[in-house]
There are 2 protein chains.
Amino acid sequence: MRRKKQNDLLTDVELEFMTALWSLGGGGVRDILARIAPDRNLAYTSAATIMRILDDKGFVTSTKEGKQLIYAPALSKDAYQTRSLQNLSAKLFDNTPATLVARLVDDAGLSQESLEEIRALLDRRLGDADD
Amino acid sequence: MRRKKQNDLLTDVELEFMTALWSLGGGGVRDILARIAPDRNLAYTSAATIMRILDDKGFVTSTKEGKQLIYAPALSKDAYQTRSLQNLSAKLFDNTPATLVARLVDDAGLSQESLEEIRALLDRRLGDADD
DNA sequence: CTTGGTCTACGAAAGGTTTAGAAGGTCGCG
DNA sequence: CGCGACCTTCTAAACCTTTCGTAGACCAAG
């Protein structure tokens, strides 16, 4: 059975848990739950269910260690960031990344510092292959 | 009563319809449905329901013209692009736009052309205050 | 061996999304 | 007037997401 709706995007809660797992590198349900916002008050079984779903969907791998399951990301955060950007670019920006960046740098809430950081990035990226 | 889950993001189908409406500027259900991918085969009443929901949520405005409702975006595409980027930046990039752009320009699928377009954008934006 | 703690798996409930049929209004034309 | 065409509104079904309780497995300590 395949996903039928989205390509391979995480739902809100799934992303919350993957973020915790990425920062951890790996761990059991209790470790992961400890990284979730404390005011969340999520039941342990809820967390376990989320992790099982992530496993089913292939976003994490699990290995039995003693009596508990240890989870590890099956997809790096970088890779997922790229995937999300591609999705957003396709859905909302006509697959033209330049428009996406334009909207980003037009955002008044963006600091000068951030802008310069971004240009430095681009200079580095374009400097190499420049002819 | 307000939305309870997301800030103010469109669902998949809602985005599909808003995209049609943005490209149209405004129109009735039949106009909008004509802009949706033709292999979609969506019933007219389904389209009407989506538009009513968008109206309820405040994403469009409607005015009665004769016997039909004419819809217009209550939110520009630019504004929604900005909103989406802010959301993605907060959820997945720790609110550091530079990281977002880094992931974007690291994407091997990005053409040299796009990269240069992006840098030109930044130069224009930063050129003023350059030292 | 039995009890208690910890774990995973299953199932259900509540809410949101997507689709579409049924019902009822309105308008123009014969 | 009455009919058909077209429109909106209501309602429901199917599915997905999120949350959690219950049940069953397993192990260690008394």
Tabulated below should be each protein N or O lying under 3.5 Å from an N or O of nucleotides 5-11 of chain D; please produce it.
from	atom 1	to	atom 2	distance (Å)
D/dC7	OP2	B/Arg30	NE	2.8
D/dC7	OP2	B/Arg30	NH2	2.8
D/dT8	OP1	B/Leu69	N	3.0
D/dT8	OP2	B/Tyr44	OH	2.6

Specify the separation, in whole Å, of atom CG of B/Asp12 and atom C1' of D/dC15.
-> 14 Å
Distance in angstrom units between B/Ile53 CD1 and C/dT18 C1', rounded | 8 Å
Using atom CG of A/Leu10 as one end and atom C1' of D/dT17 as the other, report the distance to the nearest whole Å.
-> 13 Å
The salt bridge (Lys or Arg N to Asp or Glu O under 4.0 Å) partners of A/Arg35 (sequence neighbours excluded) come to none
Do the side-chain N or O atoms of B/Thr11 get closer than 4.0 angstrom to the phosphate oxygens (OP1, OP2) of C/dG16?
-> no
A/Leu33 has an atom CG; how far is it from atom C1' of D/dC20, in whole Å?
-> 13 Å
Starting at atom CG of A/Asp56, determine the distance to atom P of C/dT8, rounded to an integer number of angstrom.
-> 14 Å
Looking at B/Arg103 and B/Asp106, does any basic side-chain N land under 4.0 Å from a carboxylate oxygen?
-> yes
Would you say the side-chain atoms of B/Asp107 pair up with the backbone N or O of B/Leu104, donor to acceptor, closer than 3.5 Å?
-> no
Between atom CD in A/Glu14 and atom C1' in D/dC16, what is the gap in whole Å?
-> 10 Å
Atom-pair distance (CD1 on A/Ile50; C1' on D/dT19), nearest Å = 8 Å
When all nucleic acid strands are considered with a 4.0 Å heavy-atom cut-off, which category describes A/Ser46: base, sugar-phosphate, or nothing?
-> base
Heavy-atom side-chain contact between B/Leu9 and B/Leu15 under 4.5 Å | no
Got a second to check how far B/Tyr80's OH is from A/Leu92's CG, nearest 0.5 Å?
-> 6.5 Å
Choosing from C/dT19, D/dC20, D/dT19, which nucleotide comes nearest the side chain of B/Arg40?
-> C/dT19
Candidates C/dA20, C/dT18, D/dC20 - which lies nearest the side chain of B/Leu42 | C/dA20
Is there a side-chain contact between B/Arg52 and B/Leu69, using heavy atoms and a 4.5 Å cut-off?
-> no
Any donor-acceptor pair under 3.5 Å from B/Asp94 side chain to B/Thr96 backbone | no
Taken to the nearest whole Å, CG/B/Asn41 to C1'/C/dA20 is 13 Å
